[in-house]
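Following: one structure in structure tokens, then a few remarks.
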Amino acid sequence: MAASNSKTGKAKSYWLVKTEPSTYSIDDWEKEKDKTTFWDGVRNYQARNTLRDLMKLGDEVLVYHSNAEPPEIVGVAKVVREGYPDFTALDTNHPHYDPDSTSDNPRWFMVDLKLIKRFKKRLSLAQAKEINELSGMELLRKGSRLSVQPVKANEFQAILEYCS
DNA sequence: GCCAACGTTGGC
DNA sequence: GCCAACGTTGGC
């Protein structure tokens, strides 16, 4: 039986988000009030659509450190607020400001995520490549750059098992 | 630091 | 609508 989402009763979905630890790491996240943060700054349409339309309350999200040594999956978060306009795109003083996004017609979206697990045993990209179950993972696709991406239930499960 | 892969822009 | 040029991502 598939895990169900406690809020909607529908099947839970799984995702992965990337962050560069030199900018925002899981340690920074840990210090947030209620371990909750808004996932701003995504400026890619496919990822935007995921944030706006697909990520639902209670969905679980792998946290990945990109541009890191080593690059690795470091924990799990969950969606605590569904898609809403990314206000940093509307703020002229913000580095993520986008003049083409307006409050009437917002172009970029974000969700709120709460950190729920820090892996004691992290899964590096190199290690992930050794796990058969993960061979089809979007993260492992050559040239994959999507910063918000879907994860299959069996992939999520395999990663949890490895990291616990 | 290098560079392959990718998404976006803009001339035509 | 094509596609070259460009900027960015992100592993190595």
Side-chain angles (χ1 to χ4, degrees), chain A residues 13-32 37-55 59-79 82-113 115-152 154-163:
Chain A
S13 298
Y14 301 97
W15 312 97
L16 178 147
V17 295
K18 298 179 182 176
T19 183
E20 300 197 13
S22 60
T23 304
Y24 189 83
S25 73
I26 193 170
D27 296 326
D28 299 322
W29 196 341
E30 184 89 38
K31 293 173 195 142
E32 303 280 5
T37 190
F38 49 88
W39 208 254
D40 65 308
V42 174
R43 299 290 180 268
N44 165 283
Y45 288 104
Q46 192 176 345
R48 184 281 308 269
N49 293 346
T50 299
L51 292 169
R52 186 187 59 190
D53 305 330
L54 301 179
M55 292 176 84
D59 283 357
E60 296 196 54
V61 183
L62 295 168
V63 180
Y64 177 75
H65 277 174
S66 62
N67 258 315
E69 186 48 54
E72 58 189 358
I73 298 172
V74 297
V76 182
K78 77 175 176 186
V79 178
E82 294 179 4
Y84 62 104
D86 180 341
F87 52 79
T88 68
L90 307 172
D91 177 355
T92 52
N93 292 320
H94 198 281
H96 295 149
Y97 174 63
D98 179 354
D100 292 329
S101 190
T102 63
S103 50
D104 282 349
N105 190 17
R107 170 173 295 194
W108 306 115
F109 284 73
M110 58 190 182
V111 297
D112 287 356
L113 297 176
L115 188 63
I116 58 172
K117 189 186 296 258
R118 287 174 66 105
F119 290 142
K120 290 193 192 78
K121 188 175 163 198
R122 297 174 165 190
L123 178 65
S124 72
L125 190 62
Q127 289 162 339
K129 288 174 179 169
E130 303 298 316
I131 299 176
N132 275 340
E133 189 102 31
L134 304 183
S135 60
M137 229 188 143
E138 168 66 19
L139 186 69
L140 303 187
R141 228 190 68 237
K142 186 175 164 73
S144 171
R145 291 169 38 177
L146 255 190
S147 64
V148 180
Q149 56 182 253
V151 173
K152 296 181 194 76
N154 67 304
E155 295 167 346
F156 187 86
Q157 213 49 53
I159 290 165
L160 274 199
E161 279 164 25
Y162 181 93
C163 295

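A quick note: this is a predicted structure, and the numbers were derived from the prediction, not measured.
Rounding to whole angstrom units, CG of residue A:Leu140 and P of B:dA5 are separated by 16 Å.
Within the 4.5 Å cutoff, no side-chain heavy atoms of A:Pro150 are placed close to those of A:Tyr14. Between A:Leu16 and A:Glu138, every side-chain heavy-atom pair lies at or beyond the 4.5 Å cut-off. Side-chain contact between A:Gln127 and A:Tyr162 is present, with heavy atoms from C-beta onward closer than 4.5 Å. Contact annotation: the side chain of A:Tyr84 approaches that of A:Met110 to within less than 4.5 Å [non-hydrogen atoms, C-beta and beyond].
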Which protein N or O atoms sit under 3.5 Å from an N or O of nucleotides 9-12 of chain C?
| from | atom 1 | to | atom 2 | distance (Å) |
| --- | --- | --- | --- | --- |
| C:dG10 | OP1 | A:Lys18 | NZ | 2.8 |
| C:dG10 | OP1 | A:Arg145 | O | 2.9 |
| C:dG11 | OP1 | A:Tyr64 | OH | 2.4 |
| C:dG11 | OP2 | A:Asn67 | N | 3.0 |
| C:dC12 | OP1 | A:Lys129 | NZ | 2.6 |

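When heavy atoms are screened at a 4.0 angstrom cut-off, A:Arg141 is found touching the sugar-phosphate backbone but no base atom.
Contact check of residues 91-108 of chain A against DNA chain C (heavy atom, cut-off under 4.0 Å) returns no residues at all.
Annotation: the span from A:Phe156 atom CZ to A:Met137 atom CE amounts to 10.0 Å, rounded to 0.5 Å. Expressed to the nearest 0.5 Å, how far CZ of A:Arg48 lies from OG of A:Ser101 amounts to 9.0 Å.
Salt bridge present: A:Arg118 and A:Asp27 bring a charged side-chain N and a carboxylate O closer than 4.0 Å.
The 12-atom threshold is exceeded at CD of A:Glu30, counting heavy atoms of other residues, nucleotides or ligands nearer than 6.0 Å.
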